[in-house]
Structure formats: structure tokens, C-alpha cells
Amino acid sequence: MTTLVWDYRQEYENERADILDAVETVFSSGQLVLGGSVRGFEQEFAGYHGVGHCVGVDNGTNAIKLALQALGVGPGDEVVTVSNTAAPTVVAIDAVGATPVFVDVDPDSYLMDTDQVASVLTPRTRCLLPVHLYGQCVDLAPLQRLAAEHDLVLVEDCAQAHGARRDGRLAGTTGDASAFSFYPTKVLGAYGDGGAVLTSGDDTHRALRRLRYYGMEERYYVVGTPGHNARLDEVQAEILRRKLRRLDSYVQGRQAVARRYEEGLGDTDLVLPYTVPGNEHVYYVYTVRHPRRDDIIKALKTYDIELNISYPWPVHTMSGFAHLGYAKGSLPVTEELAGQIFSLPMYPALAPDVQDKVISAVRDVLDSL
């Protein structure tokens, strides 16, 4: 049987009764769109984070897009972010008409190098958008200082950091708004697409509710800036309510898998994940690094182990963003990482014997290089 980098089926077997009960709860409720399950999840997700408001949306990309729109970011504005991220981060910036401006990442943590941000600020800069990548947090303190000094808004991309903490503070609780994805692979994953925006700003909250519902405050009447249909599905919301109660256990399960990798591979020349001091890593993915990455992945396929690369193409090198004008070599750390990083299987229900098979195979392959 092929070992996948992510597989939900064992988790589903473990939680099947609760998941199916969630579906039945919605189907028998009499309300299939923006009903009690969405409202309940919004209250509970906001409560988990200790922030004022949560607005459920249809996916993580729209979570970023609507957060930017609600904060007034649009055409003519620049948004500072990273190229070592999933493309949707940048697609959302482009979708509001703003221009992404990239800084490089730290070579150890692979997170935004916040020391570079001040050097790319211009009079057009409107927003700082750090990405809490792979399961740990960017240090937001220097970004908060820059935002205050230059009158910028701060939006956190938390798609890969549900439950992650820095100095005890949860990801998503510092910025003017924070965007989450509930794509099935996430630490808190739905059984389909889903997303949410957290904010403590009352005006931002009201704008988000309008924007995710065509721009309407009342049915059939658009006010202010027109929005579009970006509603969180009622079934996914009810599933997420159930799974939110288990989020801390999911994090603990991922951390246990990470410890097993450290014990099994810590003495090899594979570069294992580095946790920034002060961070609590939740290991959305277990990203490792090796200069012969492609040879390793190819060899592991002979062991029926299928791995993933997050991400093989930095966003600034993609043809869809060639108009931004970033030349090869402009973000050297990001570009070097793209040729070396890959992810080992990581999910809470990963059985120890299956993980041991992966560890043994990786060791065999490394010894044969």
C-alpha cells in the first residue's frame, strides 16, 4: 500500500460517527445556508482565539482577499509578503488590485525575514502580510512597530498555523485581521473547502459580513462596496465545530509524529525543521531539506512512499507573476530552498509502524546517495 504525505481516511474512521452526525444535524435543521452551524462555528472559533469576531467564508484565498478589502487595501496599494508561500496568498493580493512586494525568508525557519521589510516600504505600501508557514509563527513584533510607524495594516496568513503560538499567543490574534483556510489537509481541516477571517475591529467585522454576502446588509440590497458570494457552507461549518473541539489533540498528535522523526532521522544529513525560540510548532507539514532532494523523492517511490514539495516554484518565478519584474536571483534564499525542500508524511493519525517504514526507507536512501 502506498504511503502518502497526507491521508484523511484513518482520521475519518476514528471520527466517522461524529462527522456523519454533523451532516445529519444540518440536513435536518431546515436551514442549509448561513444557519446555526455557521453562526455557532464563528462564535466558537473566535472564542478559541480570544478575539472579538469571526466571519466564515468559502475558502482561504477569499479569506485573505476579503480581509484586504475590508481593511481598504486595493488598486494602487502595495502589500509586503513572501514568495515562499502557496500561490493563493499572492493571488488574493492580485485579486483586490494591489501589488505584491516580496522579501526573502530566513534560511533556518523559512519564514519572512522581517529585517528586510523596512527596506521595501514605499509611499504606496498599505499592508504587511506575513505568512505563518509550515506550522509556526512569524515574529510579528517588528512588523507591528513598522505598521504603527508608517500607518499600515497588518494581515496574518494563518492557513498553515491553526493552534500555533508565539510566546504563548495564538497565531491570528495580533493583526488587524487574520485569514484561515480549512482545506482538508490543514491542522483544522474541513471535508471540503472553507475559510474564516478573525478580527477585533468592529468596522472590519461589519465590512467582512457585507463583502462575503454580495455587499448586502439586508437581503437583496447592496450597500457600499459590492462583494460576492463567499459564504462558508453550513455542512462544513458543523463539521468544523466538532473538529475544533479536537484541535489541541490534533496539534499534540502532529508534535508526537515530529518527535518520532527527530528520533529516527536526527543523526542523518537531512536538515530537519527548525523551531524558532518562543514558537510552538504545530507541524502542518514536516518540511525537510537536502541538496539531492529530487533523487531522494525518486528513490522513495520505489518504496511506495509518495512525498510532496511545498513549494517547488517560488511565486515570483511563476509566469503568471512575471509582470512584477523579479529577476532570477532576486530572492536567493527562497530560490535555493525551492530546489531542496520536501515534506515527509505528517498527520495525527499516521500510525507508528507506517512512520517507522518511512524513516527506515529515508535512511536507506540517504545511505545509498
Side-chain angles (χ1 to χ4, degrees), residues 41-56 60 63-64 67-68 70-71 80-82 85 89 103 105-106 108-115 117-118 127-150 152-182 186-189 195-202 204-205 208 240 243-255 258 273-285 287:
F41 174 71
E42 289 174 336
Q43 293 168 2
E44 291 155 17
F45 197 62
Y48 178 88
H49 289 87
V51 301
H53 309 289
C54 170
V55 177
I64 299 173
L68 293 171
L71 291 166
V80 179
T81 190
V82 292
T85 184
T89 303
V103 295
V105 295
D106 178 82
D108 296 320
S109 68
Y110 316 150
L111 299 171
M112 174 183 274
D113 184 346
T114 57
D115 289 340
V117 173
C127 176
L128 307 180
L129 205 168
V131 180
H132 300 311
L133 197 69
Y134 301 148
Q136 66 173 329
C137 298
V138 177
D139 180 6
L140 296 182
L143 300 183
Q144 286 181 286
R145 290 192 291 270
L146 287 173
E149 182 180 349
H150 297 276
L152 308 176
V153 295
L154 178 61
V155 175
E156 300 175 63
D157 181 344
C158 301
Q160 302 186 14
H162 310 73
R165 288 174 167 83
R166 179 169 181 83
D167 298 327
R169 185 165 187 163
L170 279 165
T173 62
T174 300
D176 295 285
S178 57
F180 289 80
S181 167
F182 304 122
K186 304 302 184 185
V187 179
L188 179 61
V197 184
L198 294 180
T199 184
S200 290
D202 293 341
T204 305
H205 170 236
L208 285 164
L240 287 166
K243 296 190 72 177
L244 178 59
R245 300 163 193 162
R246 297 187 283 271
L247 176 54
D248 291 343
S249 69
Y250 296 153
V251 169
Q252 292 163 8
R254 288 173 179 271
Q255 291 170 338
Y274 167 75
T275 301
V276 178
N279 272 354
E280 182 177 339
H281 206 313
V282 298
Y283 299 99
Y284 165 59
V285 289
T287 300

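- Here OH of Tyr134 is found 14.0 Å from OG1 of Thr275. Values are rounded to the nearest 0.5 Å.
- Partners of His205 according to the side chain to side chain contact (heavy atoms under 4.5 Å, CB included) rule, which considers only residues two or more places apart in sequence or in another chain, are His53, Val55, Thr199, Arg209.
- Looking only at distances, a side-chain donor or acceptor of Glu156 sits under 3.5 Å from a matching main-chain atom of Thr174.
- Proximity of a side-chain donor or acceptor of Ser178 to a complementary backbone N or O of Gly172 within less than 3.5 Å is detected.
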> Would Asp139 and Val276 count as a side chain to side chain contact (heavy atoms under 4.5 Å, CB included) if you check the C-alpha gap in whole Å, the side-chain angles of each, and the deciding distance to 0.1 Å?
Replying inline: CA-CA 9 Å; Asp139 180 6; Val276 178; over 6 Å; no

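- Leu154 places a side-chain heavy atom less than 4.5 Å from the side chain of Pro130.
- When each of Gln136, Arg169, Arg166, Gln255 is tested with Glu280 by the rule side-chain contact (heavy atoms from CB on, under 4.5 Å), just one qualifies, namely Gln255.
- For Tyr110, there are no ring-ring contact (aromatic ring centres under 6.0 Å, His included) partners, not counting sequence neighbours.
- Looking at every heavy atom in both residues, Leu128 comes nearest to Ala147 through CD1-N, 4.3 Å.
- The line from CG of Asp157 to OG1 of Thr89 is 4.0 Å long, rounded to the nearest 0.5 Å.
- His132 approaches Ala161 most closely through the heavy-atom pair CB-CB, 3.6 Å.
- Remark: side-chain polar atoms of Gln160 are not paired, donor with acceptor, to backbone N or O of Leu133 under 3.5 angstrom.
- Here the closest heavy-atom approach between residue Val155 and residue Ala67 is recorded as CG1-CB, 4.3 Å.
- The line from CG of Leu247 to CG of Leu188 is 5.5 Å long, rounded to the nearest 0.5 Å.
- Although no hydrogens or angles enter the test, the distance criterion places a donor-acceptor pair under 3.5 Å between the side chain of His162 and the main chain of Ser181.
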>> Working note: Leu129 + Val80, criterion side chain to side chain contact (heavy atoms under 4.5 Å, CB included); need CA distance, chi angles, decisive distance, verdict.
In response: CA-CA 6 Å; Leu129 205 168; Val80 179; over 6 Å; no

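- Residues passing the side chain to side chain contact (heavy atoms under 4.5 Å, CB included) test with Ser200 are Val51, sequence neighbours excluded.
- Residues Val117 and Pro142 are not in side-chain contact: their nearest non-hydrogen atoms beyond the backbone lie 4.5 Å or more apart.
- Between Val187 and Phe180, the closest side-chain pair of non-hydrogen atoms is not below 4.5 Å.
- Residues Thr204 and Asp176 have side chains not in contact (no heavy-atom distance under 4.5 Å, counting atoms from C-beta outward).
- Without hydrogens or angle criteria, Asp106 side chain to Leu111 main chain gives no donor-acceptor distance under 3.5 Å.
- At least one side-chain heavy atom of Val251 sits under 4.5 Å from a side-chain heavy atom of Val282.
- Put simply, the side chain of Tyr48 does not reach to within 4.5 Å of the side chain of Leu198, judged on heavy atoms.
- Counting all heavy atoms, side chain and backbone alike, Arg246 lies closest to Ser249 at O-OG, 2.6 Å.
- With Thr173 contributing its side chain and His49 its backbone, the two residues share no donor-acceptor pair below 3.5 Å.
- In this structure, the side chains of Tyr283 and Pro273 come closer than 4.5 Å at one or more pairs of heavy atoms.
- Ala171 approaches Cys158 most closely through the heavy-atom pair C-SG, 4.0 Å.
- With rounding to the nearest 0.5 angstrom, the CG atom of Leu240 is 5.5 Å from the CZ atom of Phe182.
- The shortest distance between side-chain heavy atoms of Thr85 and Met112 does not fall below 4.5 Å.
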> side chain to side chain contact (heavy atoms under 4.5 Å, CB included) between Leu71 and Cys127: does it pass, once the steps are laid out?
Replying inline: CA-CA 9 Å; Leu71 291 166; Cys127 176; over 6 Å; no

